[in-house]
Amino acid sequence: MSKVLTQTLIYEILSVVEEIPEGKVATYGQIAKLIGRDRNARLVGFVLSKVEYYGRYPCHRVVNHQGRTAPMWSEQRSLLEQEGVVFKSDGKVDLDKCLWKV
DNA sequence: TGCATGACCTCGG
DNA sequence: CCCGAGGCCATGC
């Protein structure tokens with residue numbers, strides 16, 4: 001980890017991400033809120049984009065509010081489908097059923 | 001020190 | 001659902 005993006009923030013985010021059960025997905029805003037930074041939803045995405053740098057976490061269970069996955073990510077959909085996450089014809093996650101409820 | 005970018009969110013139309 | 005505007009924080013040049 002050459003760049004230290006506030007270890008505290010990353011630790012809190014990963015803590016929440018680890019709590020996401022299989023077959024469920026969470027939104028960036030949801031996570032941001034759980035760590036007490038509801039205004040920093042952007043940071044969550046920004047951090048998760050580099051989280052693979054810190055270790056392997058189920059960051060594929062995190063999608064945006066539209067249920068859309070990362071634009072450049074190819075296997076994210078496959079990973080989620082393997083866990084039982086339902087996808088719509090549009091290629092988006094069915095948040096009505098797979099959204100992680102706290 | 002300042003400006004631009006990003007896996008975003010909410011509100012209104 | 002898509003489009004546009006405003007906001008918020010950290011990173012990188």
Side-chain angles (χ1 to χ4, degrees):
Chain A
M1 48 187 167
S2 47
K3 307 305 174 185
V4 191
L5 16 84
T6 46
Q7 302 255 330
T8 323
L9 181 59
I10 208 171
Y11 177 78
E12 295 183 322
I13 293 175
L14 294 178
S15 301
V16 176
V17 173
E18 280 184 320
E19 298 294 318
I20 304 174
E22 292 187 11
K24 296 284 178 181
V25 295
T27 66
Y28 298 97
Q30 193 174 359
I31 294 175
K33 206 167 193 173
L34 288 172
I35 64 176
R37 288 177 168 74
D38 56 319
R39 311 153 158 90
N40 308 37
R42 273 184 117 155
L43 262 294
V44 180
F46 198 77
V47 170
L48 285 178
S49 66
K50 309 176 179 181
V51 83
E52 52 184 343
Y53 216 58
Y54 291 74
R56 302 228 169 151
Y57 287 86
C59 41
H60 58 268
R61 290 182 194 148
V62 186
V63 297
N64 64 6
H65 195 263
Q66 299 180 349
R68 194 171 265 291
T69 54
M72 49 175 227
W73 216 339
S74 43
E75 25 178 332
Q76 183 172 19
R77 174 166 177 169
S78 307
L79 291 168
L80 292 172
E81 287 181 320
Q82 286 177 35
E83 297 183 353
V85 175
V86 183
F87 273 79
K88 292 188 171 183
S89 322
D90 304 21
K92 297 172 187 169
V93 180
D94 190 346
L95 295 175
D96 295 326
K97 300 181 179 180
C98 301
L99 180 60
W100 180 40
K101 302 149 196 159
V102 260

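The figures that follow rest on heavy atoms only: side chains count, while hydrogens, waters and symmetry mates do not. The sequence lines fix the lettering, A, B, ..., with proteins before strands; numbering per chain opens at 1. Bear in mind that the values here come from a model prediction, so they are computed numbers and not experimental data.
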Of A:Leu9 and A:Arg68, whose nearest nucleotide on DNA chain C comes first from the 5' end? A:Arg68
How does the hydrophobic cluster around A:Leu95 look, that is, which other residues are in it when side-chain heavy atoms under 4.5 Å mark a link? A:Val25, A:Val63, A:Leu80, A:Val85, A:Phe87, A:Val93, A:Leu99
Under the side chain to side chain contact (heavy atoms under 4.5 Å, CB included) rule, what do A:Leu9 and A:Phe46 come out as? Steps first, then yes or no, please. CA-CA 11 Å; A:Leu9 181 59; A:Phe46 198 77; over 6 Å; no
So does A:Lys33 have more than 12 non-hydrogen atoms from other groups sitting under 6.0 Å from NZ? no
To the nearest Å, how far apart are A:Ile13 CD1 and C:dC9 C1'? 11 Å
Between OG of A:Ser78 and NE2 of A:His60, what distance do you get to the nearest 0.5 Å? 10.5 Å
Kindly work out whether a path of hydrophobic side-chain contacts (I/L/V/M/F/W/Y, heavy atoms less than 4.5 Å apart) joins A:Tyr57 to A:Leu34. yes
My understanding is that only residues two or more places apart in sequence, or in another chain, count here; which of them pass salt bridge (Lys or Arg N to Asp or Glu O under 4.0 Å) with A:Arg77? A:Glu81
Give me each pair satisfying salt bridge (Lys or Arg N to Asp or Glu O under 4.0 Å) with a member in residues 12-23 of chain A, each pair once, sequence neighbours excluded. A:Glu12-A:Arg37
Atom-pair distance (CH2 on A:Trp73; P on B:dG6), nearest Å: 18 Å
Tell me which nucleotide among C:dG12, B:dG6, B:dA7 gets nearest to the side chain of A:Lys50. C:dG12
Once each nucleotide of nucleotides 8-13 of chain B is scored for protein heavy atoms under 4.0 Å, what B/S/- sequence comes out, 5' to 3'? BSS---
Which pairs with one or both residues in residues 84-102 of chain A pass salt bridge (Lys or Arg N to Asp or Glu O under 4.0 Å), sequence neighbours excluded? none
Provide, to the nearest angstrom, the distance between the CG atom belonging to A:Asn40 and the P atom belonging to C:dG7. 15 Å
Please give me every residue in residues 86-102 of chain A whose heavy atoms get under 4.0 Å of an atom in DNA chain C, ordered by residue number. A:Lys92
